[in-house]
Amino acid sequence: PPPAPACAVGRPLRWASSFSQPGPTESDPSEGQVFLSESCVKRLLEITEGSEFLRLQVEGGGCSGFQYKFSLDTVINPDDRQGQRGVVVVGVFEQGGARVVVDVDSLAFVKGSMVDFSQELIRSSFQVVSNPQAEKGCSCGTSFSVKF
């Protein structure tokens, strides 16, 4: 995929976590993170109200094997949580008041990616850009194949 535009350079989002015991610290600090572009944050703040957030899911399908699905939601589901060695991790990423939630299964396909909001003459949409887990994608940017 093409590199994200300069205006889409985002800061890493804080991974909301609750620890019952300390976890390993030798892992890459960006591992398991999702980033938001400034345009994504701006658009989410315009369209969400109260406890609403953007949910990002990965589903099978599309012309490349997997596809991104975006929706507005207000409920954190049980599959948004993962237990690991006494650590409970919640896939909630927040930046500037805008929130994105990714379920555990989908996070494996999008970790290290950036969520952007693109507005063009013929469409406007949230998109996943710069996905290090994707080998190739379709021209419209909604589907991808994974690296093995």
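Predicted, not measured: the structure shown is a model, and the values here were computed from it. Numbering of residues begins at 1 and proceeds along the displayed sequence.
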Criterion side chain to side chain contact (heavy atoms under 4.5 Å, CB included) on F93 and V102, from CA distance to verdict = CA-CA 8 Å; F93 301 92; V102 183; 4.1 Å; yes
query = Please walk me through it: do F126 and L54 pass side chain to side chain contact (heavy atoms under 4.5 Å, CB included)?
reply = CA-CA 10 Å; F126 289 100; L54 182 69; 3.9 Å; yes
request  = Check step by step if salt bridge (charged side-chain N to carboxylate O under 4.0 Å, His left out) holds for R99 and E94.
outcome  = CA-CA 4 Å; R99 294 187 304 157; E94 185 170 1; 5.4 Å; no
ask   = Going through the checks in order, is the side chain to side chain contact (heavy atoms under 4.5 Å, CB included) test met by V115 and V110?
value = CA-CA 9 Å; V115 178; V110 297; over 6 Å; no
Residue pair F53, V100: steps toward the side chain to side chain contact (heavy atoms under 4.5 Å, CB included) verdict = CA-CA 6 Å; F53 53 82; V100 174; over 6 Å; no
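With V101 as the partner, the side chain to side chain contact (heavy atoms under 4.5 Å, CB included) test is satisfied by one option alone out of V75, I76, V34, L56: I76. Considering S130, S125, S37 as possible partners of D116, the one that fulfils the side chain to side chain donor-acceptor pair (under 3.5 Å) test is S37.
Note that CG of D105 is 12.0 Å distant from CD of E59, once rounded to the nearest 0.5 Å. The distance from atom CZ of R43 to atom OG of S118, rounded to the nearest 0.5 Å, is 12.0 Å. Atom OH of Y68 sits about 4.0 Å away from atom CG of N131, to the nearest 0.5 Å. In this structure, CE in M114 is found 12.5 Å from CD in Q127, a value given to the nearest 0.5 Å. Atom-to-atom distance recorded for L72:CG and R55:CZ is 11.0 Å, nearest 0.5 angstrom.
Heavy atoms only, all atoms of each residue included: E52 and I47 are closest at OE1-O, 3.8 Å. Of all non-hydrogen atoms in G60 and Q67, the two that sit nearest each other are O-NE2, 3.8 Å. Considering all non-hydrogen atoms of both residues, Q133 and A108 come closest at CG-O, 3.7 Å.
Surrounding CD of E120 are more than 12 heavy atoms belonging to other residues, nucleotides or ligands, all under 6.0 Å away.
T48 contributes a side-chain N or O that, together with a main-chain N or O of L44, makes up a donor-acceptor pair within less than 3.5 Å. Under a 3.5 Å cut-off, the side chain of S124 and the backbone N or O of Q119 do not form any donor-acceptor pair.
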